[in-house]
Amino acid sequence: MFQAFFKTNSLIFAPMNQEDHLKKIIAHSKEYGYIFPSSDIYDGLSAVYDYGQHGAVLKNNIKDFWWKSMVDMNTNIVGIDSAIFMHPKIWKASGHVDQFNDPMIDNKDSKKRYRVDTLIEEKIEQYKRKGKDEKAAKLQESMDALLKEDDFVGLKELIEEHGIVDVFSGSKNWTDIKQFNLMFSTNWGSTGTDDELVYLRPETAQGIFVNYNNVMKSGRMKIPFGIAQIGKAFRNEIVARQFIFRMREFEQMEMQYFVRPGEEMKWYDHWKEKRMKWHLALGTPREKLKFHDHVKLAHYANAAVDIEFEFPMGFRELEGIHSRTDFDLTQHQEFSGKKLQYFDPELEKNYVPYVVETSIGLDRMFLSIISQAYQEEKLEDGSERVVMKIPVEIAPVKVAVLPLIRKDGLPEKALEIFDKLKYDYSCHYEEKDSIGKRYRRQDAIGTPYCITIDHDTMEDNTVTIRHRDSMKQDRVSVEALEKEMADKLDLKNLLTKI
RNA sequence: GCGGGAAUAGCUCAGCGGUAGAGCAUAACGUUGCCAACGUUAGGGUCGCCGGUUCAAUCCCGGUUUCCCGCUCCA
């Protein structure tokens, strides 16, 4: 009877350039409660964002999908939740303290950035070449003293005094010396003295490594086995931009897989494939994803690959799969003085396991989902709609229950249905405004199904299910509704694809 | 960090040296009842912040903060 009202929509995508695309996603995210700038009423805080009422749920749903696929789907992987604060020695052992703490200086004309110590050392070499050994020794001595004191003003004076020039621009136009610290630090204890500094973790992985013994023993783990973790990490980025792509406070989903030395490449390939399947299960087209092998490897790795996703600003790293060797456990063994080994009954010997890591940025995953989901459609009748085609199983609002009109007992009937569904799904109930307006509002949020209660419902106890993506409608009985929703919204639909 | 651009209502934006506007959104009432209906009404802005010029600054000038773009950096 109501077929006449429905036009088949022809889903033509309005062309969008990339810059506009990201801007629109940012605006839409704010307008519909996905992501807000942090501290908004105080003009925001650079590179920090808050997740709103729908964003928080979507984020939780992504976490849930990851956790289930990594932990629950594997008999030999467990999950932990380690603290953000960790013993300062951990960051010495991992290499984070020493490798990313050098004072830097920029030349204003060439725009080149230098490590202060290497810049001065070049001058020392220059003096030596010219036979001015005494001058060279004196400069070395001054530099060492100032570096030890972290005296940046003194170091800059030293650079000026010796007339050090930039090799590119020949200019002596230097900025002040700055120290770029990767890690945020905070004061431990209430007195706030310097010797009580602790760091906010720059990666969650170390929380797994330092718990290796605890988990292995308490869980009676047999190699190969994995430890997974989802948690916040903090990095002082030099340039932190592009919305939630690079934030100072962000969340990682990591799994460290402990393997027999020599078998790491087998597992590296295994996880490479598994993780790609995970992304494909969410419906991301294969051409929007690509593997990118690292040519230059980090100090701890013997193989590394990124899964890159085509974000609105181009292909960028979304997830990394790294073969980390035994570097981390060996380092912690040395620094802690505790054995971090495994007795392999087959080989009848002890060894430090090798590690294959999968590490995905949760916020980047979130951005990948909403940037794919956001679509502007031109419909056949000439009107437009904005719809968030989020994979239905992880959509923040699953079902909207809508009485066609606000009288004749329809709202009461609709609330009855809402009360049936609310235990299993996040549901919305709405009775304000015309039905069309309510459908469009749900489209903008990304609600996959709208259940509409009309006058026929009162007669024969059937309702319509309106589909977000196609805008088509089905009619089902209220009795069949719960099963219908369960079939469509079950996370199992995704998990079985991996 | 450097260079460029921007900042006005919840969102998108217009405007002007003389006490602030539109569309959408929000709320109320009426009408309607399956794809962003209509009418009436209401709420919402010290025009990012600080200073200067001026009789008068949202507008001009300087600084500052935040955001965007490019460069630089990036485990």
Side-chain angles (χ1 to χ4, degrees), chain A residues 1-7 9 18-20 22-24 26-33 36-49 91 94-96 98-100 104-115 173-178 180 182-183 202-203 205-206 233 235-243 246 294 296-301 304 313 316-317 320 322 324 359 377 379-381 383-387 402-408 410 431-444 450 452-456 464 466-468 470-473 475:
Chain A
M1 61 168 277
F2 35 76
Q3 288 305 321
F5 294 106
F6 304 141
K7 298 149 214 116
N9 59 328
Q18 297 198 329
E19 202 176 301
D20 274 359
L22 187 60
K23 278 186 178 163
K24 282 179 172 169
I26 294 168
H28 190 84
S29 295
K30 184 176 176 186
E31 190 165 2
Y32 289 94
F36 307 127
S38 160
S39 316
D40 203 11
I41 60 170
Y42 290 95
D43 294 327
L45 185 63
S46 185
V48 186
Y49 288 90
W91 305 113
S94 70
H96 285 85
D98 295 324
Q99 280 196 286
F100 306 101
M104 309 286 276
I105 192 165
D106 292 346
N107 184 273
K108 288 182 188 169
D109 297 313
S110 69
K111 317 276 185 226
K112 295 278 178 191
R113 174 168 293 158
Y114 300 92
R115 271 173 56 175
N173 192 8
W174 298 104
T175 61
D176 285 340
I177 293 170
K178 294 195 176 70
F180 291 92
L182 164 84
M183 291 189 287
E203 62 173 26
Q206 299 304 325
R235 295 181 192 184
N236 238 328
E237 301 287 351
I238 296 171
V239 176
R241 261 189 294 204
Q242 283 167 329
F243 196 36
R246 180 167 289 148
H294 285 211
K296 205 180 110 199
L297 295 170
H299 59 278
Y300 53 74
M313 57 281 185
R316 295 292 147 84
E317 179 186 353
H322 297 187
R324 292 181 78 126
S359 172
E377 288 180 352
L379 305 178
E380 214 172 48
D381 64 0
S383 69
E384 286 180 17
R385 71 164 182 161
V386 172
V387 54
L402 314 170
L404 185 62
I405 60 170
R406 215 192 316 200
K407 56 187 177 192
D408 303 335
L410 267 50
E431 55 178 40
K432 184 162 185 329
D433 290 319
S434 74
I435 191 69
K437 201 170 206 169
R438 281 178 277 166
Y439 286 154
R440 296 301 175 88
R441 219 159 26 216
Q442 296 300 329
D443 286 342
C450 291
T452 307
I453 287 80
D454 58 21
H455 289 95
D456 289 352
T464 57
R466 183 265 192 185
H467 300 255
R468 175 193 67 194
S470 65
M471 299 172 74
K472 301 240 171 68
Q473 300 191 344
R475 186 126 204 138

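A, B, ... follow the sequence lines: proteins, then strands. Residue 1 opens every chain.
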Short side-chain N/O contact to B:U26 OP1/OP2 from A:Arg441, under 4.0 Å: yes
Proximal nucleotide (of B:G33, B:A36, B:G10) relative to the A:Glu31 side chain: B:G10
Check: A:Arg235 side chain, A:Arg246 main-chain N or O, donor-acceptor pair, under 3.5 Å: no
Secondary-structure notation, RNA chain B, from Watson-Crick and G-U pairs under 3.5 angstrom (| other strand): (((((((..((((....[..)))).(((((.......))))).....(((((..]....))))))))))))....
Base B:C34 to side chain A:Asp454, donor-acceptor N/O within 3.5 Å cut-off: yes
Distance in angstrom units between A:His467 NE2 and B:C34 P, rounded: 19 Å
Nearest-Å distance once atom P is located in both B:A9 and B:G5: 22 Å
A:Ile405 side chain, from C-beta outward: closest of B:G33, B:C69, B:C34: B:G33
Contact under 4.0 Å: A:Lys437 side-chain N or O vs B:A37 OP1/OP2: yes
Nearest-0.5 Å distance that lies between atom NZ in A:Lys472 and atom NE2 in A:His467: 9.5 Å
Within-4.5 Å side-chain heavy-atom neighbours: A:Gln473 and A:Cys450: no
Separation between the C1' atoms of B:U66 and B:U54, rounded to whole Å: 29 Å
Protein-nucleotide distance (A:Tyr439, atom OH; B:A37, atom P), rounded to Å: 13 Å
Salt bridge present between A:Asp433 and A:Arg440 (N-O < 4.0 angstrom): no
Atom pair distance, as rounded to whole Å: CZ in A:Arg235 and C1' in B:A75: 6 Å
Most 5' of A:Tyr49 and A:Leu404 on RNA chain B, judged by nearest nucleotide: A:Leu404
Donor-acceptor contact present, side-chain A:Asp408 to main-chain A:Leu410, <3.5 Å: no
For the student: nearest non-hydrogen atoms of A:Phe243 and A:Tyr49, plus distance: O-CE1, 3.5 Å
OP1 or OP2 of B:A37 under 4.0 Å from side-chain N/O of A:Ser434: yes
First of A:Asp443 and A:His322 reached from the 5' end of RNA chain B, by closest nucleotide: A:Asp443
Span that lies between the C1' atom of B:G33 and that of B:G23, in whole angstrom: 25 Å
Same-atom distance (P) from B:G21 to B:G45, integer angstrom: 14 Å
Per A:Leu22 side chain, nearest of listed nucleotides B:C69, B:C34, B:U12: B:C69
A:Arg246 CZ - B:C67 P separation (whole Å): 15 Å
Atom-pair distance (CZ on A:Arg385; P on B:A36), nearest Å: 11 Å
Any A:Glu431 side-chain heavy atom under 4.5 Å of A:Ile453 side chain: no
Heavy-atom check, side chain of A:Lys24 versus side chain of A:Val386, under 4.5 Å: no
Spacing of A:Leu402 atom CG relative to B:A36 atom P, expressed in whole Å: 14 Å
Separation of B:U32 C1' from A:Arg438 CZ (nearest whole Å): 12 Å
For atom CG of A:Asp433 and atom P of B:A28, their distance in whole Å: 10 Å
P gap between B:A25 and B:C11, integer Å: 15 Å
A:Lys30 vs B:C11: side-chain N/O to OP1/OP2 distance below 4.0 Å: yes
Pairwise side-chain contact, A:Arg438 with A:Pro403, heavy-atom cut-off 4.5 Å (strictly under): yes
Proximity to the side chain of A:His96 - top-ranked nucleotide from B:C11, B:C34, B:A75: B:A75
Atom P, compared across B:U32 and B:C68: separation rounded to whole Å: 49 Å
Euclidean distance for P, B:C47 against B:G3 (whole angstrom): 29 Å
Atom P, compared across B:G10 and B:U46: separation rounded to whole Å: 9 Å
